[in-house]
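Reading through the structure tokens given below for one structure.
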Amino acid sequence: MVADRPAGPAAHDAAVACAARALDADVAVLMIDNGVVATVGLPSADVPAYALAEVAAGRRHTLDLAGRPHAVTYATIGGAEPGVLVLGRGGPDAAFSAEEVCLLRGMARVLELSLSSLHMLASERRYAEENDRLLDFLQQRQRLFEHLTEIQREIALRTPLEQIFDRVTRSCRELLGVEMCTVGLLEADDPGLGSLVAGSGIPAEVLAQCTRIPLPAAGVSGLAVLGDELVMVEDYTTSPIAVPAMAAARLQSVMATPIHENGRPVGSLTVGTFSQCREWDKSAQEMLRAFAEHASLAITDARTLEAMNHSFLDSLTGLAGRALFLTRMEEALATATTGVAVLIVDLDRFKVVNDSLGHPAGDALLVGAAERIKSCLRDGDTAARLSADEFAVLLPGMADAAEPVPVAERILALLHEPFDLGSEAYVSASIGIAFSAPGEDDAQQLLVHADLAMNQAKKHGKDRYEVFEPDMQRAFQASIELEADLRRAVVRHEFELRYQPIVNLTSGEITGVEALIRWAHPTRGEVAPMDFIPLAEETGMIVPIGEWVLREACSRVAAWNARRSGQPITVSVNLSAVQLEQPALPLIVQSALTSSGLPADRLILELTESLLVDHRPATLTRLTEIKALGVRLAIDDFGTGYSSLAYLRRFPVDIIKIDKSFVDDVVDEPTAAALTHGIIQLGRALQLSTIAEGIEHEGQLDSLADGNCELGQGYYFAEPLTRAALDELLFPADPA
């Protein structure tokens with residue numbers, strides 16, 4: 001109804017009338033910017049504005065209207081014209097249910113979107129008439145306005161999203177004068193993956209291949225979503241975040257900006273040039289953002305309407321949906337005389353089950369988990385499904401933060417029991433607990449606290465619960481700031497490599513180097529790898545960072561070998577589990593070798609023991625493909641994890657690296673010496689090379705050499721060196 005109204009006042013009247021009918025209300029009032037703009041059942045002059053403001057603040061739940069008492073409820077409206085929609089109903093059963101409040105909020109959200117649309121159109125009309133807003137020429141401004149107006153018309157008519165996105169990409173490509181424009185969206189079942197859903201200037205077969213790509217591997221488009229900011233690369237050929245396929249297609253310049261749903265990044269709008277490099281000026285940036293705003297409005301409108309249909313109950317499990325859960329949280333907090341607790345329950349291994357047994361089995365698992373969670377609750381408690389594998393529990397009437405702990409323990413115990421999905425399947429859960437005393441937190445704060453506690457449980461090993469503590473929020477904020485800096489560091493080339501020599505323990509000759517990354521932050525100084533590598537792995541940024549390390553290390557060592565006489569040195573590069581999950585990894589390794597000219601047998605990729613033990617079938621396939629290139633594989637920190645002869649036989653491993661903890665005590669501790677020499681003999685028996693890490697003094701060197709350890713590295717020989725310092729070490733008499 002609102003979309004059919006051409007102007008604000010008509011839209012206001014339509015919204016108020018529709019809301020009053022839907023909730024069978026006697027009175028409905030819409031206030032915008034503290035002024036009454038539309039009413040039903042009450043003249044505007046009789047509206048008690050101050051009392052309605054009290055309702056909107058949550059301080060009143062009844063009002064005397066038209067001479068009799070009314071139960072009242074409200075929904076806020078955000079955007080450029082903030083306001084509140086208040087409904088009143090008289091009679092003995094006048095109170096509004098949580099479900100009705102959810103419906104009203106959904107309708108208010110639709111009104112907000114429609115008013116935003118009208119506001120945007122008015123702004124665009126003004127922009128088209130100005131002489132210096134978006135573009136340099138009035139004719140181009142008018143063309144922009146015409147394109148955006150047509151997109152707005154399609155949104156109002158609820159044209160399918162695919163058609164709207166097609167129009168956005170065509171219009172954007174035409175007006176920006178680019179050769180390519182694409183829309184990418186996050187996958188509903190896994191927000192860590194993205195797919196291209198529309199494109200102009202890109203072959204259909206390429207578009208079809210760009211599905212379910214991990215965001216960190218999606219180049220500029222992925223970075224725009226991850227960082228929620230516009231990202232520009234003017235020379236794509238030298239960018240550390242270049243996607244190999246697009247680099248191979250000779251993409252020259254690219255710019256991407258996020259697409260939002262309700263303010264949350266859910267995709268990106270990306271443009272690029274193939275024929276020449278381009279400087280993305282302010283006009284181009286603003287135009288791309290304008291088209292992205294319209295794409296955001298289209299997807300928010302479509303998904304808001306979809307969410308309204310599912311706002312009460314989750315269609316799969318029958319539990320409360322997110323909107324209904326939040327409404328019940330608000331009611332519990334507003335009326336509580338005792339504390340309220342919230343639990344976030346996230347299934348730890350759901351993706352493994354879903355991927356290995358299929359989506360029907362995954363759905364059956366979710367239904368079973370929902371039933372077990374519900375069985376742990378009292379009458380009056382609420383269980384909800386918030387997202388794919390994330391549940392929530394509302395526990396009113398809690399005395400303190402310790403009281404909900406037994407509920408979490410019961411849920412963990414029940415989820416440990418096997419699920420019959422045709423074959424037995426097992427999952428565990430990470431649970432976050434947050435407690436609020438009366439008047440302490442609002443619903444959103446309490447939910448955030450529970451989510452932070454759940455993430456802490458995952459970090460501490462999963463299959464456990466954690467109770468929220470304020471320090472978690474401070475640590476999270478620090479992590480957010482570091483993550484933002486990390487994303488910028490990738491684009492700004494703030495990383496550099498150090499090279500630690502690997503030495504033949506018998507001859508003392510340098511046979512190779514290990515490439516170790518360092519981050520030279522412009523204000524923090526040098527950030528230790530232990531402070532940013534785990535974050536890079538958690539966020540997926542390790543994928544572009546790791547690819548840069550691989551390419552840079554191969555290129556540098558190939559250049560050194562070209563200057564050396566005799567046996568060329570090797571380069572060892574660490575490989576994370578996140579990188580090994582990328583299907584394109586063998587192609588990236590091949591590309592790094594080809595572009596650098598480094599022979600494959602001069603590259604060593606280092607893997608951790610836990611990575612091999614926790615592998616999926618695709619892991620072995622990927623390692624076999626890499627091994628087929630001629631690359632050698634090493635197990636790093638051997639002996640500290642799950643050392644097993646089984647994986648030494650199963651995986652195509654060439655080298656064992658003995659962990660520093662064994663080397664430290666090899667001289668003074670007979671047990672450490674026996675274990676270290678045993679590992680060396682094991683390597684010799686399996687025809688594997690051995691490298692001892694962390695050699696710091698001559699006694700360690702002698703013990704290891706006497707035990708037939710082949711190679712070693714450590715501060716006894718050299719610390720990790722800069723490129724210039726290793727130049728001097730390798731070529732002491734060479735002025736270059």
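Because only heavy atoms are used, hydrogens play no part in the values below, and waters and symmetry mates are left out as well, while side chains stay in.
- Atom CD of E514 sits about 10.0 Å away from atom OG1 of T570, to the nearest 0.5 Å.
- No donor-acceptor distance shorter than 3.5 angstrom exists from the side chain of S555 to the backbone of E552, with no hydrogens or angles considered.
- Proximity of a side-chain donor or acceptor of H677 to a complementary backbone N or O of S703 within less than 3.5 Å is detected.
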Only distances under 3.5 Å count here; give the side-chain donor-acceptor pairs of residues 692-700 to other protein atoms, sequence neighbours excluded, each with its distance to 0.1 Å.
from, atom 1, to, atom 2, distance (Å)
E696, OE2, K660, NZ, 3.4
H697, ND1, G699, N, 3.2
H697, ND1, Q700, N, 3.3
H697, NE2, Q700, NE2, 3.4
Q700, OE1, E696, N, 2.7
Q700, OE1, H697, N, 3.4
Q700, NE2, V663, O, 3.2

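- Scanning for ring-ring contact (aromatic ring centres under 6.0 Å, His included) contacts around W519 gives F495, H521, F532, with sequence neighbours left out.
- Under the 3.5 Å distance criterion, the side-chain polar atoms of S591 are left unmatched by any main-chain donor or acceptor of L587.
- Put simply, the side chain of D665 never gets that close to the backbone of D668: no donor and acceptor are under 3.5 Å apart.
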request  = Could you go through the side chain to side chain donor-acceptor pair (under 3.5 Å) check for Q713 and Q500 one step at a time?
outcome  = CA-CA 7 Å; Q713 65 187 98; Q500 186 167 40; 3.0 Å; yes
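- The main-chain N or O of E234 is found under 3.5 Å from a side-chain atom of S253 such that the two form a donor-acceptor pair.
- The CG atom of D706 sits 6.0 Å away from the CG atom of D702 when rounded to the nearest 0.5 Å.
- A salt bridge links D485 with R524: the closest approach of a Lys/Arg side-chain nitrogen to an acidic carboxylate oxygen falls below 4.0 angstrom.
- Side chain of E581 to main chain of V578: no donor-acceptor pair is present (N/O by atom type, distance under 3.5 Å, no hydrogens or angles).
- A salt bridge does not link E728 with R723: every distance from a Lys NZ or Arg NE/NH1/NH2 to an Asp or Glu carboxylate oxygen is 4.0 Å or more.
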Which donor-acceptor pairs under 3.5 Å do side chains of residues 537-547 form with protein atoms, sequence neighbours excluded?
from, atom 1, to, atom 2, distance (Å)
T539, OG1, L535, O, 2.9
T539, OG1, A536, O, 3.4
T539, OG1, M541, N, 3.4
E547, OE2, R551, NE, 3.1
E547, OE2, R551, NH2, 3.2

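- Here the straight-line distance linking atom CZ of R498 with atom CD1 of I517 works out to 11.0 Å at 0.5 Å rounding.
- Comment: D654 engages K627 in a salt bridge, judged by a side-chain N to carboxylate O separation of less than 4.0 angstrom.
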task = Would you sort out whether S430 and D348 count as a side chain to side chain donor-acceptor pair (under 3.5 Å), showing the intermediate values?
result = CA-CA 6 Å; S430 298; D348 293 327; 2.6 Å; yes
